[in-house]
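Structure first, commentary second.
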Amino acid sequence: RFRAAVGRTVLGELYRVRIEEAKRLLLAGGLPVKGVALRCGFTDVSRFSMVFRRQTGSTPTRFARLGATV
């Protein structure tokens, strides 16, 4: 039912929300990528990076360095 209503799985939506928060934190600066990953509910930085890249097309480090232009 969730997928029919929203267009993605529950896990997909959870990742979307987490990555939106991660993008906000990365743009704000002040936290390393590992800190952002942990704050957004990821316990594994490599998993966070993989999900982030899949969602945004950029690595978290590149996104933080280049900002919203990525």
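Considering only heavy atoms from C-beta on, Lys23 comes within 4.5 Å of Phe52 through its side chain. Within the 4.5 Å cutoff, side-chain heavy atoms of Met50 are placed close to those of Arg54.
By the ring pair (Phe, Tyr, Trp, His ring centres under 6.0 Å) test, Tyr15 pairs with Phe42, sequence neighbours left out. Applying the side-chain hydrogen bond (donor to acceptor under 3.5 Å, both in side chains) rule to Gln55 yields no partners; only residues at least two apart in sequence or on another chain are considered.
Residue Phe2 comes nearest to Thr9 through the heavy atom pair CE2-O, 3.7 Å, listed as atom of the first residue, atom of the second, then distance. The two atoms that bring Pro60 and Leu26 nearest to each other are O-CD1, 3.9 Å, heavy atoms only. The shortest non-hydrogen separation linking Thr43 to Leu38 is CA-CD2, 4.2 Å.
By the rule that hydrophobic residues join a cluster once side-chain heavy atoms approach within less than 4.5 Å of another member, Leu14 and Ile19 end up as members of one cluster. If you chain together hydrophobic residues whose side chains sit under 4.5 Å apart, Val51 and Val6 never meet in one group. Taking hydrophobic clusters as Ile, Leu, Val, Met, Phe, Trp and Tyr residues chained together by side-chain heavy-atom distances below 4.5 Å, Val17 does not share a cluster with Leu25.
Salt-bridge formation is not detected for the pair Arg18/Glu21: no Lys NZ or Arg NE/NH1/NH2 atom is positioned less than 4.0 Å from an Asp or Glu carboxylate oxygen.
If you take CZ on Arg3 and CG on Leu11, they are separated by 11.0 Å, rounding to the nearest 0.5 Å. Rounding to the nearest 0.5 angstrom, the gap separating the OG atom in Ser49 from the NZ atom in Lys34 is 12.0 Å.
Applying the salt bridge (Lys or Arg N to Asp or Glu O under 4.0 Å) test to every pair with at least one member in residues 35-48, sequence neighbours left out, gives no pairs at all.
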